[in-house]
Amino acid sequence: MASRSSNHTGPARTRFAPSPTGLPHIGNYRTAIFAWLWARHTGGQFLVRIEDTDRKRLVPGAQESILDGLRWLGLDWDEGPEVGGPVGPYFQSERLDIYREHAEMLIEKGAAYRCYCTEAELEQMRAEQRERKEPEHYDRRCRYLSPEQRADREARGLSSVVRFAAPETGKTTYHDLLRGDITIDNSTIDDMILLKSDSYPTYNFANIVDDHLMNITHVIRGEEYIPSAPRYAQVYRAFGWDEPEVVHVGLVLAPDRSKLSKRHGALPLLDYREQGYLPQALMNYMVLLGWSYDDKAEFFTRDELVRAFTLDRIGSSPSIFDIGRLEWFNAQYIRQMTPDELTDAAWPFLLAGLPADARATLDRAYVRAVLALDQERIKTLAVVPDLTAFFFVAQPEYDASLLLGKNLDAERAAATLPALAASLGDLRDWTPEALLHVLDGFVVQHGFIRKKADGSEVADRGPVFMLVRVAVSGRKETPGLPEMLAVLGKERTLTRLAAAAEKLASKR
RNA sequence: GGCGCAUUCGUCUAGCGGCCUAGGACAUCGCCCUCUCAAGGCGAAGACCACGGGUUCGAAUCCCGUAUGCGCUACCA
């Protein structure tokens with residue numbers, strides 16, 4: 001059999017065909033991204049098809065969640081659930097007649113047959129094969145039944161499946177756009193089931209029929225399907241159909257090279273939304289797992305990806321999911337946001353994560369100013385409440401010992417706080433520049449000095465700045481002090497300085 | 001077990017016979033900046049291109065074998 005060359009040009013029709021038996025993870029969506037990009041790049045169509053043929057494993061709500069994930073990433077589909085299209089329905093459970101007809105066509109051609117074996121019989125057959133140390137495979141016992149035997153089984157009302165009558169000898173080659181020709185020996189594959197006894201199609205069959213009927217030009221899927229691909233090719237050829245172009249992309253693995261699972265921080269896609277990741281960041285990170293533009297480019301807008309994406313630059317080896325790199329992308333995208341965008345994005349996280357009293361009085365302008373201060377410290381939106389809570393609560397909680405440092409004992413701290421409060425109290429122009437001016441003046445006046453390596457003495461902001469930092473925030477790490485005080489406001493600042501002084505007094 | 005796919009710094013990758021004494025990025029470490037934490041700047045370290053044979057004037061790049069990893073081997077997808 002001749003192998004196909006990669007000669008498809010023009011608009012591509014690609015599809016994402018999730019099974020609502022669970023929530024797809026990063027790897028599955030990465031495949032969807034590739035398919036979507038290729039359709040958009042070529043000016044073609046992207047379809048979504050729900051493969052709900054496994055009635056036992058259907059998970060309620062999975063389908064909605066899968067579609068929400070696509071929408072969140074901005075992967076719009078031209079045909080599929082909710083939007084319909086000319087070659088629907090797009091739910092396999094609504095296409096049962098189509099699969100039955102096509103199975104019947106193959107039976108008539110002699111390319112498929114009914115198999116009456118029960119699960120128990122098959123299990124026994126496999127057990128015997130194991131005992132004889134033979135590879136387990138269906139031994140085709142129903143393939144060569146005589147018409148009489150067949151009639152007998154039908155008369156007895158035995159339930160049956162439809163199997164494909166695969167070539168028993170020779171080799172089958174199919175062409176993978178990335179990996180080239182892949183050839184397998186026909187003796188290593190058995191007759192796969194096309195229609196189950198409940199008359200639902202198997203994935204293996206439905207996906208062939210649908211891809212053909214839906215005029216899919218490029219099938220992009222995970223490499224776990226490589227072993228099945230020659231069998232699909234055989235079925236296409238039995239129908240006399242042209243095969244679509246096929247690309248098997250490498251798997252996405254966990255850091256220990258095992259399959260991705262929750263254990264490794266690889267969550268269902270939408271969980272990343274809850275953890276404060278931006279869809280643009282996810283998209284950018286995911287597309288670079290197994291695809292590259294060149295040796296330098298890292299950041300791509302959606303439009304740039306559509307323009308730049310080509311199938312030939314997809315890699316063929318598995319890649320490992322690295323949450324650290326995702327975080328870096330996320331932080332980069334957060335830094336690029338405008339104050340208003342950041343406020344919109346962070347708002348729900350503040351509502352969810354702030355103490356009740358702080359949450360009740362959120363003021364948009366104030367929130368926006370606070371977020372601008374912390375923008376470059378936000379790796380994921382989920383850290384926002386913790387990072388900024390002290391701006392919103394009535395009084396931050398902290399231990400008095402936090403106020404003291406290696407260059408500042410309790411006595412000096414206690415003396416410094418009221419004096420500084422007095423200086424700041426006189427300040428009318430509550431801006432970062434004016435605040436810095438007052439703070440620096442205070443440092444010099446009160447003799448906070450530090451010796452440099454060469455022995456010369458310079459003003460030492462450290463002790464005073466840190467004292468004030470902790471007094472107003474209860475933390476040792478915050479945005480720059482003058483900027484922070486400016487946003488915090490005069491009233492809050494003075495109140496907190498007074499509270500800190502009391503804290504020290506009551507401790508002694 | 002059988003069959004298949006894969007194999008470049010810890011990680012994502014560039015490389016498709018000479019530009020490679022292997023480039024970029026994340027992470028790591030150091031220095032600078034500095035009121036802290038970040039961010040930023042500069043720099044370091046990190047890959048005998050899994051291993052062994054070929055082919056070739058020349059191989060990370062082509063071929064074969066081995067090893068390792070992963071996948072498939074279901075009336076799952």
Side-chain angles (χ1 to χ4, degrees), chain A residues 17-22 28 51-54 56-57 115 117-119 122-123 126 129-130 133-138 159-163 176 179 182-185 187-190 192-204 206-207 221-230 248 250-251 253 255 257-259 285 288-298 312-313 315-329 331 335 374-379 387 405 436 439-440 443 460-470 473 475-482 484:
Chain A
S19 178
T21 52
N28 303 313
E51 310 230 332
D52 52 353
T53 57
D54 186 348
K56 297 188 199 87
R57 298 200 309 155
C115 165
C117 296
T118 63
E119 299 229 36
L122 293 174
E123 185 38 53
R126 280 191 286 259
Q129 288 167 343
R130 271 196 298 274
K133 303 242 195 279
E134 289 171 16
E136 295 176 34
H137 66 285
Y138 178 60
S159 77
S160 63
V161 300
V162 175
R163 284 183 186 269
D176 185 300
R179 298 160 203 263
I182 295 180
T183 302
I184 54 107
D185 203 304
S187 64
T188 63
I189 49 183
D190 56 13
M192 68 171 169
I193 292 176
L194 272 21
L195 245 40
K196 306 180 224 177
S197 56
D198 63 4
S199 77
Y200 272 64
T202 58
Y203 163 86
N204 293 323
N207 113 79
R221 55 156 94 103
E223 68 174 325
E224 68 266 33
Y225 293 101
I226 291 178
S228 308
H248 287 105
L251 261 24
L253 303 175
R257 308 199 74 85
S258 66
K259 278 178 83 170
Y285 169 73
L288 255 19
L289 267 186
W291 178 86
S292 62
Y293 179 70
D294 58 18
D295 59 338
K296 296 277 160 57
E298 291 190 290
D312 58 303
R313 296 205 56 87
S316 54
S317 51
S319 41
I320 291 173
F321 178 76
D322 177 6
I323 187 83
R325 193 168 156 84
L326 170 58
E327 261 187 15
W328 179 78
F329 271 107
R335 268 175 238 150
D374 264 317
Q375 189 153 4
E376 67 205 15
R377 266 166 286 263
I378 302 173
K379 278 198 164 63
L387 221 47
L436 181 59
L439 286 164
D440 273 343
V443 165
D460 185 12
R461 286 170 168 173
V464 175
F465 278 50
M466 188 51 84
L467 175 65
V468 178
R469 164 172 293 111
V470 173
S473 73
R475 310 171 54 113
K476 283 193 172 263
E477 309 86 36
T478 72
L481 191 62
M484 176 168 70

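In what follows, chains are A, B, ... by sequence order, proteins preceding strands, each numbered from 1.
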Name all residues meeting the salt bridge (Lys or Arg N to Asp or Glu O under 4.0 Å) criterion together with [X]; count only those two or more places apart in sequence or in a different chain, and write none if there are none.
| X | value |
| --- | --- |
| A:E51 | A:R49 |
| A:D322 | none |
| A:R57 | A:D54 |
| A:E224 | none |

Base contacts versus sugar-phosphate-only contacts with protein, heavy atoms under 4.0 Å: please encode [range] as B, S and - from 5' to 3'.
| range | result |
| --- | --- |
| nucleotides 39-51 of chain B | SS----------- |
| nucleotides 61-67 of chain B | ------- |
| nucleotides 4-13 of chain B | SSSS---SBS |

message = So, does A:T188 get its side chain near the phosphate of B:U73, meaning an N or O under 4.0 Å from OP1 or OP2?
response =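 Answer no for this pair, as no side-chain N or O of A:T188 is under 4.0 Å from OP1 or OP2.
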
Short side-chain N/O contact from A:K56 to OP1 or OP2 of B:C76, under 4.0 Å =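 So the side chain of A:K56 is within the cut-off, an N or O lying under 4.0 Å from OP1 or OP2 of B:C76.
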
request  = Name all residues meeting the side-chain contact (heavy atoms from CB on, under 4.5 Å) criterion together with A:S292; count only those two or more places apart in sequence or in a different chain, and write none if there are none.
outcome  =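 With neighbours one apart ignored, the set is A:R313.
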
key: Under the side-chain contact (heavy atoms from CB on, under 4.5 Å) test, residues paired with A:T183 that sit two or more places apart   =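 Scan of A:T183 (side-chain contact (heavy atoms from CB on, under 4.5 Å), adjacent residues dropped) gives A:K171, A:T173.
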
Residues which pass side chain to side chain donor-acceptor pair (under 3.5 Å) with A:R461, listed by chain and number, not counting sequence neighbours =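 Here the qualifying residues are A:D440.
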
key: A:E136: side chain to side chain donor-acceptor pair (under 3.5 Å) partners, not counting sequence neighbours   =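 In terms of side chain to side chain donor-acceptor pair (under 3.5 Å), with neighbours along the sequence ignored, A:E136 is linked to A:R130.
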
Write down the distance between [atom1] ([X]) and [atom2] ([N]), rounded to a whole number of angstrom.
| X | N | atom1 | atom2 | result |
| --- | --- | --- | --- | --- |
| A:K196 | B:A74 | NZ | P | 15 Å |
| A:R57 | B:C75 | CZ | P | 13 Å |
| A:H248 | B:G71 | NE2 | C1' | 11 Å |
| A:L253 | B:U68 | CG | P | 18 Å |
| A:R221 | B:C72 | CZ | C1' | 13 Å |
| A:L195 | B:A74 | CG | C1' | 16 Å |

message = Using the P atom as the point on both nucleotides, what is the distance between B:C31 and B:A45, in whole Å?
response =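 Roughly 16 Å separates the two P atoms.
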
inquiry  = I'd like to check the ring-ring contact (aromatic ring centres under 6.0 Å, His included) partners of A:Y138; sequence neighbours left out, ordered by chain and number.
reply    =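 With neighbours one apart ignored, the set is empty.
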
